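Report on the structure given below.
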Amino acid sequence: MKWILLLSCMLVVSCGKQDQKPVRIAINPWPGYEFLYLADQKGIFEDVGLNIELVELASLADVQRTYVQGRVDGMASTMIEVVHAVGEAPDPLTLVLLPDYSNGGDVIVTRKELSTLSELKGKTVSAELGSLGMFMLHLGLQKVELGLEDVLLDNSEQLEIQDLLSDETIDAAVTYPPFSTQILRDPNYHVLFDSSEVPQQVIDVVSIKSSVIEQDPEWVIRFHQAWGKALAYARSDPEDAYRIMAEREGITVEEFEEALQGLRLVDENMQALVLSDRSLIQNAKEVCSVLSSNRSINFECEGIEDKVRVPSR
């Protein structure tokens with residue numbers, strides 16, 4: 001019996017790896033994150049010796065809240081949620097993956113009669129407070145020498161935006177696929193500003209509680225392997241991969257493919273390079289500064305680089 005047990009353990013990398021406690025990662029709908037969902041559905045995490053449980057939530061706000069409450073070990077999010085989380089929770093977070101740069105995927109949408117960002121002055125704009133929405137709105141208004149104080153901020157969540165635009169409760173909104181895809185099906189709405197106008201400033205990351213990474217130095221390497229395998233599967237069988245990912249987003253395959261055009265995916269081979277780039281921590285500092293200046297956070301940004309970490313080489 002002993003040799004049978006030993007053989008079984010060898011087949012799953014090791015007994016310890018098989019019995020490891022699952023690392024729970026909160027995730028919301030966003031095309032760049034769907035490759036993690038694909039990895040989960042296709043058993044890729046298990047193939048590389050990882051025990052990962054994805055916790056599916058409706059919004060970035062839910063993702064952040066769930067992490068801060070201690071119900072997950074990490075999250076797929078923007079840098080904004082990472083900065084919030086390390087200020088509200090005691091543990092540092094390690095950035096373990098940069099899935100993509102938003103390159104047009106995040107947008108400010110409005111009715112056709114509003115044609116310029118300048119026309120938003122005095123208007124009601126939905127942007128989830130303290131979120132990427134606020135940061136995107138800040139970046140857009142900067143382009144026309146306006147600030148957040150020049151608009152009326154609405155704090156509605158993504159699921160509500162389409163109805164609020166329809167009944168004219170709001171004049172514009174910061175949004176992203178699949179929500180933006182659904183809104184822009186209506187020809188009465190169009191895009192005023194998108195993230196391609198501010199390259200590499202809107203970043204998506206996967207962050208894990210640093211103590212989890214410290215317990216298993218090989219975890220990040222295997223996670224990158226899983227990411228690479230998910231991207232490879234999508235290239236080899238796009239019909240099946242895109243169907244799986246589009247269904248979770250609640251959009252068509254064609255719409256999902258179109259949404260991907262608004263991202264610049266970062267492959268497995270580039271992960272070590274982008275995660276070691278000091279500009280990533282600089283981005284965290286800039287995000288913290290913007291959130292602080294708009295009183296979206298109630299903690300100091302000094303020392304943020306000690307709380308937002310990158311994997312050690």
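All of these numbers come straight from a predicted model, not from anything done at the bench.
Panel note: side chain E247, backbone I244; no donor-acceptor pair is recorded below 3.5 Å. Of the possible polar contacts, none joining the S156 side chain to the I161 backbone as a donor-acceptor pair under 3.5 Å is found. With E249 contributing its side chain and W30 its backbone, the two residues share a donor-acceptor pair below 3.5 Å. Without hydrogens or angle criteria, S196 side chain to N103 main chain gives no donor-acceptor distance under 3.5 Å. In this structure a side-chain-to-backbone donor-acceptor pair under 3.5 Å is present from D171 to T124. With hydrogens and angles ignored, the 3.5 Å screen pairs a side-chain donor or acceptor of E81 with a backbone N or O of T78. Without hydrogens or angle criteria, K143 side chain to E197 main chain gives a donor-acceptor distance under 3.5 Å.
Side-chain contact check for E56 versus Y37: some heavy-atom pair is nearer than 4.5 Å. In this structure, V310 and S276 have side chains that are not in contact, with every pair of non-hydrogen atoms separated by 4.5 Å or more. Using a 4.5 Å heavy-atom threshold, the side chains of L95 and V308 count as touching. Proximity of I25 to Y33: side-chain heavy atoms (C-beta onward) are nowhere separated by under 4.5 Å. You'll find the side chain of D40 stays beyond 4.5 Å of the side chain of I52, heavy atoms only.
In this structure, N283 and Q201 approach most closely via the heavy-atom pair ND2-O, 3.4 Å. In this structure, I27 and A76 approach most closely via the heavy-atom pair CG1-CB, 4.4 Å. What you find for L263 and S102 is that their closest heavy atoms are CD2-CA, 4.4 Å. The two atoms that bring G147 and L141 nearest to each other are O-CD1, 3.4 Å, heavy atoms only. The minimum heavy-atom distance between D106 and M136, with the atom names listed, is O-CE, 3.4 Å. Minimum interatomic distance between F299 and C288 (heavy atoms only, all atoms of both residues): CE1-SG, 4.2 Å.
S292 OG to N298 CG: the interatomic distance, rounded to the nearest 0.5 Å, is 10.0 Å. Atom CG of D73 is separated from atom CD1 of I213 by 9.5 Å, given to the nearest 0.5 angstrom. One distance of note links CZ of R264 with CE of M270; it measures 7.5 Å at 0.5 Å rounding. Expressed to the nearest 0.5 Å, how far OG of S166 lies from CD of Q162 amounts to 5.5 Å. With values rounded to the nearest 0.5 angstrom, Q225 atom CD is found 12.0 Å from I44 atom CD1. The distance from the CG atom of L184 to the CD atom of E255 is 10.0 Å, given to the nearest 0.5 Å.
Note: F179 and Y176 have perpendicular aromatic rings, judged against thresholds of 30 and 60 degrees for the angle between ring planes. Using cut-offs of 30° and 60° on the angle between ring planes, the pair F35 and W227 is perpendicular.
Between R222 and D216, at least one side-chain nitrogen of the basic residue sits less than 4.0 Å from a carboxylate oxygen of the acidic one, meeting the salt-bridge criterion.
Around NZ of K229, the count of heavy atoms belonging to other residues, nucleotides or ligands within 6.0 Å does not exceed 12.
Among L275, V266, L36, the single residue meeting the side-chain contact (heavy atoms from CB on, under 4.5 Å) criterion with L97 is L36.
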(request) For the pair D240 and K42, evaluate salt bridge (charged side-chain N to carboxylate O under 4.0 Å, His left out) and give the outcome as yes or no after the intermediate values. (result) CA-CA 11 Å; D240 183 52; K42 290 298 175 180; 2.9 Å; yes
(request) Begin with the C-alpha distance, continue with both residues' side-chain angles, and end with the deciding distance and a verdict on salt bridge (charged side-chain N to carboxylate O under 4.0 Å, His left out) for R243 and E239. (result) CA-CA 6 Å; R243 176 190 59 78; E239 183 177 352; over 6 Å; no
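Side-chain contact, S59 with D62: a donor N or O sits under 3.5 Å from an acceptor N or O. Side-chain contact check for T175 and Q158: at least one donor-acceptor pair (N or O, by modelled atom type) lies under 3.5 Å. Under 3.5 Å, the side chains of D267 and N269 contain no donor-acceptor pair of N or O atoms. Side-chain atoms of S115 and E119 include a donor-acceptor pair closer than 3.5 Å.
Linking Ile, Leu, Val, Met, Phe, Trp and Tyr residues whenever their side-chain heavy atoms come within less than 4.5 Å leaves V109 and L114 in two separate clusters.
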